[in-house]
Amino acid sequence: MISEKIDLINLTYDMVFVIDKSGNIQFANLAAEQNLFYTQEEFLSMNISDVMFEAEKFVEILNRIITMSEHENASDENVGEVNFANIKENMGFQDLVLISKDTCLKIMMVNFQARKLIYNGKEHFLLILRDITKRKFFEQELFKITENLERLVDEKTQELQKKNEILERLATRDVLTDLLNIRKFREILTSQIEIYNSKKDHDNGKYLSVMMIDADHFKYYNDTFGHQIGDEVIKGIGRLLTSSVKRTDFVARYGGDEFIILFPEITYEESIQACLRVKNAVTEKLRIKEVIHEILGLDNVQIPKEHEITLSIGLSHYKSGVTMDDLITQADTALYASKEGGRNCIHVMEENGVCVRIDPEQFNKIVSEQFSD
């Protein structure tokens, strides 16, 4: 009966060992001989650790299994019979490396399983070692492929994200100035009106205000120096407008040489001050002669006084019941009044529908008197 069991064990491709609690080999099947190149006689004089790379790892595993088995009240069993009742509890799984008799011939990675045996009243262990070298190789190759795929997916995701960001900018930004385009501006204005109307306290002196701006005499630069200079003038004005307002304000290019700014929360006096600040910034800081020199190489360019870039500005303040288009139209009407009033000035659309021209000196005097009080 035992010999029949041994013959069956020799038919398996897995390496099978029976060892005692000290790790001494009591039996090795044919697969063990063929894979490790030791004879049966040689195996019987060896310890299992002799064929293990980093044997201390296996000894640690074996000691753990022995400790687990000592907690059981195991009785003697028939010869060669495995204690299947506690197989799951007494199994240890660990990948090990085996070294053959001639290390140049074979070093293999194996999956390790251990089962307790009671033979002639003594505790032994049945070891089943399966060669997983090829499987590990393919796992590593698969890991590399997966890693490369993940990297490619990550690269494509980043590339797609960048393209989406570009598309988002194209959809919401003016190509020339990188300011908001009018479509995005109208979306923001609609949202800000909804926010304003949702607030319960409208008596805090804060308004939702819109400023319309037109660059005076812009056509002169396009006609005299070409569209490249004209584009640089528009970009320069856009930069100055952005730097002259708060980050919470919204600056957009309305079209051509016109711009529009939304102030979500601002007092009447602050909105006038913002108009003056924007107007003065363009008058004082727009360096057109330097741009002409850098691009066209022209020196000592003289700009006639009547063609200097200034700003005509119209301002409107939101009140309940007014639509977005009404608010923009009011600011545009005030802007038209500034153009008709000689340019380089500011008009405000008052609640009574009358456009009032702002005198900077008088306004600054009134504001300073308020602060002095």
Side-chain angles (χ1 to χ4, degrees), residues 165-189 209-247 249-263 274-299 301-316 328-329 331-347:
E165 289 173 359
I166 293 172
L167 289 173
E168 174 68 16
R169 294 198 73 81
L170 290 174
T172 61
R173 295 280 172 173
D174 174 64
V175 176
L176 180 62
T177 62
D178 200 38
L179 299 176
L180 294 172
N181 60 27
I182 190 59
R183 184 182 69 82
K184 185 62 179 177
F185 180 87
R186 289 172 68 88
E187 286 181 12
I188 293 171
L189 180 54
S209 300
V210 169
M211 182 194 302
M212 287 284 290
I213 302 163
D214 182 86
D216 302 323
H217 314 297
F218 171 74
K219 188 175 182 298
Y220 169 81
Y221 297 89
N222 260 345
D223 295 344
T224 306
F225 301 103
H227 288 283
Q228 189 175 8
I229 298 300
D231 287 348
E232 291 301 320
V233 170
I234 293 297
K235 287 194 285 187
I237 293 173
R239 286 192 293 268
L240 290 171
L241 295 181
T242 302
S243 63
S244 299
V245 298
K246 299 176 182 177
R247 291 184 178 181
D249 302 325
F250 301 93
V251 184
R253 186 183 180 195
Y254 195 77
D257 58 349
E258 289 188 334
F259 301 84
I260 189 166
I261 303 176
L262 168 64
F263 302 92
C275 290
L276 293 171
R277 189 166 59 249
V278 163
K279 185 171 170 297
N280 293 337
V282 170
T283 302
E284 297 169 4
K285 299 179 182 179
L286 189 62
R287 303 286 184 245
I288 298 178
K289 290 183 180 180
E290 293 178 9
V291 171
I292 293 173
H293 172 73
E294 290 174 4
I295 295 176
L296 302 180
L298 299 178
D299 296 320
V301 175
Q302 298 299 317
I303 305 295
K305 184 74 175 176
E306 65 271 17
H307 291 310
E308 290 181 352
I309 291 286
T310 55
L311 297 183
S312 294
I313 297 175
L315 185 66
S316 64
I328 293 175
T329 299
D332 192 49
T333 301
L335 170 64
Y336 182 77
S338 292
K339 300 291 283 187
E340 289 292 303
R343 302 174 179 172
N344 191 25
C345 60
I346 303 166
H347 279 74

Inspect the surroundings of OH in Tyr336 and state if more than 12 heavy atoms from other residues, nucleotides or ligands are less than 6.0 Å away. no
Can you confirm whether more than 12 heavy atoms, excluding those of Lys289, are under 6.0 Å from its NZ atom? yes
Test salt bridge (Lys or Arg N to Asp or Glu O under 4.0 Å) on Asp178 and Arg169; report intermediate values, then the result. CA-CA 8 Å; Asp178 200 38; Arg169 294 198 73 81; 2.6 Å; yes
Testing the basics here: between [X] and [Y], what is the closest heavy-atom pair and its distance to 0.1 Å?
{"X": "Met211", "Y": "Cys275", "answer": "CE-SG, 3.4 Å"}
{"X": "Asn222", "Y": "Gly230", "answer": "OD1-CA, 3.4 Å"}
{"X": "Leu180", "Y": "Ile188", "answer": "CD1-CD1, 3.6 Å"}
{"X": "Val282", "Y": "Leu240", "answer": "CA-CD1, 3.9 Å"}

Mutual orientation of the aromatic rings belonging to His307 and Tyr220 [parallel < 30°, tilted 30-60°, perpendicular > 60°]: parallel
Mark yes or no for whether [X], through its side chain, and [Y], through its backbone, hold a donor-acceptor pair below 3.5 Å.
{"X": "Arg183", "Y": "Ala171", "result": "yes"}
{"X": "Ser338", "Y": "His347", "result": "yes"}
{"X": "His217", "Y": "Glu306", "result": "yes"}
{"X": "Thr224", "Y": "Tyr221", "result": "no"}

Atom pair [atom1]/[atom2] of [X] and [Y] - distance to nearest 0.5 Å:
{"X": "Ile328", "Y": "Leu335", "atom1": "CD1", "atom2": "CG", "result": "12.5 Å"}
{"X": "Asp223", "Y": "Phe218", "atom1": "CG", "atom2": "CZ", "result": "9.5 Å"}
{"X": "Leu189", "Y": "Phe250", "atom1": "CG", "atom2": "CZ", "result": "10.0 Å"}
{"X": "Met212", "Y": "Lys339", "atom1": "CE", "atom2": "NZ", "result": "11.0 Å"}
{"X": "Ile260", "Y": "Ile182", "atom1": "CD1", "atom2": "CD1", "result": "5.0 Å"}
{"X": "Asp257", "Y": "Asp216", "atom1": "CG", "atom2": "CG", "result": "8.5 Å"}

Would you check if there is a donor-acceptor pair between the side chains of Asp214 and Ser312 at a distance under 3.5 Å? no
Beyond-backbone contact of Val291 with Val233, side-chain heavy atoms, under 4.5 angstrom: no
Does any part of the side chain of Phe225, heavy atoms only, come nearer than 4.5 Å to the side chain of Ile295, both counted from C-beta? no
Hey, mind stepping through Leu176 and Lys235 against side chain to side chain contact (heavy atoms under 4.5 Å, CB included) and telling me if it holds? CA-CA 7 Å; Leu176 180 62; Lys235 287 194 285 187; 3.8 Å; yes
Criterion side chain to side chain contact (heavy atoms under 4.5 Å, CB included) on Asn344 and Lys279, from CA distance to verdict: CA-CA 8 Å; Asn344 191 25; Lys279 185 171 170 297; 3.0 Å; yes
Step-by-step side chain to side chain contact (heavy atoms under 4.5 Å, CB included) determination, Ile234 to Arg253: CA-CA 9 Å; Ile234 293 297; Arg253 186 183 180 195; 3.9 Å; yes
Please lay out, stage by stage, how Leu311 and Phe259 fare under the test side chain to side chain contact (heavy atoms under 4.5 Å, CB included). CA-CA 10 Å; Leu311 297 183; Phe259 301 84; over 6 Å; no
